[in-house]
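To keep things clear, I will list the structure first and then write my remarks on it.
All chains are named by letter (A, B, ...) in the order of the sequence lines, taking the proteins before the strands, and each is independently numbered beginning at 1.
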There are 2 protein chains.
Amino acid sequence: MHKDKFKHVFHFINQFVDFEQKELDAMLHVVEFIQLKRNEIFIHEGEIADKIAFTNRGYLRVYYHHNGEEITRDITPLHSFATALPSFVSEKPSFEIISAITDCELIIIKKTDLENLYQSFPKWERLGRRIIEEMFVESQRRIYSFITETAETRYNRLLRQYPDMIRQVPLKYIADFLGIKLQSLSRLRKNIKS
Amino acid sequence: MHKDKFKHVFHFINQFVDFEQKELDAMLHVVEFIQLKRNEIFIHEGEIADKIAFTNRGYLRVYYHHNGEEITRDITPLHSFATALPSFVSEKPSFEIISAITDCELIIIKKTDLENLYQSFPKWERLGRRIIEEMFVESQRRIYSFITETAETRYNRLLRQYPDMIRQVPLKYIADFLGIKLQSLSRLRKNIKS
DNA sequence: ATAACCATTTAACATTTGTTAAATAATGAA
DNA sequence: TTCATTATTTAACAAATGTTAAATGGTTAT
């Protein structure tokens, strides 16, 4: 039932681990679908992040408050996992906020259910490790790009890698993601066009 | 025997998981100690990273070649794990190089041995996941600091957090780590003193 | 349709960081 | 020690990005 709703998440996890049906079923019994409208919040500031989301549709952003301003650290690509990890792993209130940039459909799993999966099926723990490893590698790539590239190069890379994201996500979030101000991004876009 | 040689690594892993003696023994049988002189290389460019190191003593750096220059992306804190993760997880040749900034003592475990530990003892897989999670969180903190902080603030933070590192690591590596040029770091150090 | 709001651009000027080139300081090898 | 090498600093100028303020464009709610 509704197997197509799991198409993307199955495709994602199959990159890492081959599951038996019973292992998949265990997951299917504990996940939940939710819809978020644009600007709705998935993880609130001060809340303990006790769940993780897979973005079946739409874009989330991870941000926090800094001198009264919102700083967007991350925009989730389509079909990937997101949570406020510092809170999720430490079980302390989250300083990070996660909200929907566009209307979203999320597949949610609670931390307690995830830990049960980890306990019951070593392969799920393996998947958890593999996914985090990939996210870590991507995070390091981004650090390289902050060290070696200009903002313009970072923008062009984003444009190539996630053309759809640039179309759907307001530039102020893109600018934060690139580590520059909105006005600087605008200037740099003008230079690219000409 | 030589239990004190494992003091730091035990302290590190005890933060995450409580092991039984047999689980620890399994690890003790497969690890190896090596000494590196300053500038000796732990992972070469083009090599497949098939091992991971815990820095029992000394500082490693992770760098890669970019337009003929060495770009240092990371300096390992004391008593932490390091490998060229993209190569380690993909088993492809490493573009990252890891070498010793100072004389180092490393505790090494081969990837195959680590995977055997993962297979044999779910708690080891759990530890692997937990450690990566922490590294990922730290990596995200660093991205925040690239987005919101000036180079001077990043330098001051490093100074507070790892005063010993600043003393032992040449400034050119620190500058790369902060994402600025050596001369800019020097200028900024002058401003701080006055 | 209109008004209010949000997104994006533009521009002038300020600040930070990069670039180039050199001088000085510190370190290690012969 | 002395020489050679590496590390660090300095300075003048260039380039990139930030800041402030405003104009323009687009979207949404009523």
Residues pairing under salt bridge (charged side-chain N to carboxylate O under 4.0 Å, His left out) where one sits in residues 55-65 of chain B, two or more places apart or in two chains, turn out to be B/Arg61-B/Glu70

For the helix from C/dA1-D/dT30 to C/dA30-D/dT1, what is the angle between the axes at its two ends, each from 5 pairs, rounded to 10°?
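Roughly 50°, once rounded to the nearest ten degrees.
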
Between [N] atom [atom2] and [X] atom [atom1], what is the distance in whole Å?
{"X": "A/Ile71", "N": "D/dG18", "atom1": "CD1", "atom2": "P", "value": "11 Å"}
{"X": "A/Leu178", "N": "D/dA16", "atom1": "CG", "atom2": "P", "value": "16 Å"}
{"X": "B/Asp103", "N": "C/dG28", "atom1": "CG", "atom2": "P", "value": "11 Å"}
{"X": "B/Lys37", "N": "C/dA29", "atom1": "NZ", "atom2": "P", "value": "11 Å"}
{"X": "B/Ile180", "N": "D/dT17", "atom1": "CD1", "atom2": "P", "value": "15 Å"}
{"X": "A/Glu149", "N": "D/dT17", "atom1": "CD", "atom2": "C1'", "value": "16 Å"}
{"X": "A/Ile174", "N": "C/dC6", "atom1": "CD1", "atom2": "C1'", "value": "16 Å"}
{"X": "A/Glu152", "N": "D/dA15", "atom1": "CD", "atom2": "P", "value": "14 Å"}

List every contact pair, protein side and nucleotides 7-16 of chain C side both N or O, where the distance is under 3.5 Å.
residue : atom : partner  : partner atom : Å
C/dA7   : OP2  : A/Lys172 : NZ           : 2.7
C/dT8   : OP2  : A/Leu171 : N            : 2.6
C/dT9   : OP1  : A/Arg189 : NH2          : 3.2
C/dT9   : OP2  : A/Ser186 : OG           : 3.1
C/dT9   : OP2  : A/Arg189 : NE           : 3.3
C/dT9   : O5'  : A/Ser186 : OG           : 3.1

Aromatic ring pairing [X]/[Y], orientation class (parallel under 30°, perpendicular over 60°, tilted between):
{"X": "A/His79", "Y": "A/Phe54", "value": "parallel"}
{"X": "B/Phe6", "Y": "B/Phe10", "value": "parallel"}
{"X": "B/Phe136", "Y": "A/Phe136", "value": "perpendicular"}

So, using salt bridge (charged side-chain N to carboxylate O under 4.0 Å, His left out) as the criterion, who are the partners of B/Glu152 when residues are at least two apart?
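With sequence neighbours excluded, B/Glu152 shows a salt bridge (charged side-chain N to carboxylate O under 4.0 Å, His left out) to no residue whatsoever.
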
If you measure from the Lys or Arg side-chain nitrogens to the Asp or Glu carboxylate oxygens, is any gap between [X] and [Y] under 4.0 Å?
{"X": "A/Glu96", "Y": "A/Arg73", "value": "yes"}
{"X": "A/Glu32", "Y": "A/Lys51", "value": "no"}
{"X": "B/Asp164", "Y": "B/Arg167", "value": "yes"}

Within the distance-only criterion (no hydrogens, no angle test), does the side chain of B/Ser87 pair as donor or acceptor with the backbone N or O of B/Ala84 below 3.5 angstrom?
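Flag not set: sc B/Ser87 to bb B/Ala84 has no pair under 3.5 Å.
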
Members of residues 155-166 of chain B that approach DNA chain C, where some heavy atom sits under 4.0 Å away:
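Those residues: none at all.
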
So that I know where these two stand, are A/Tyr64 and B/Tyr144 an aromatic pair - ring centroids less than 6.0 Å apart?
yes

Pairwise side chain to side chain donor-acceptor pair (under 3.5 Å) hits with a residue in residues 131-140 of chain B, at least two apart:
A/Ser139-B/Ser139, B/Arg129-B/Glu133, B/Glu138-B/Arg141

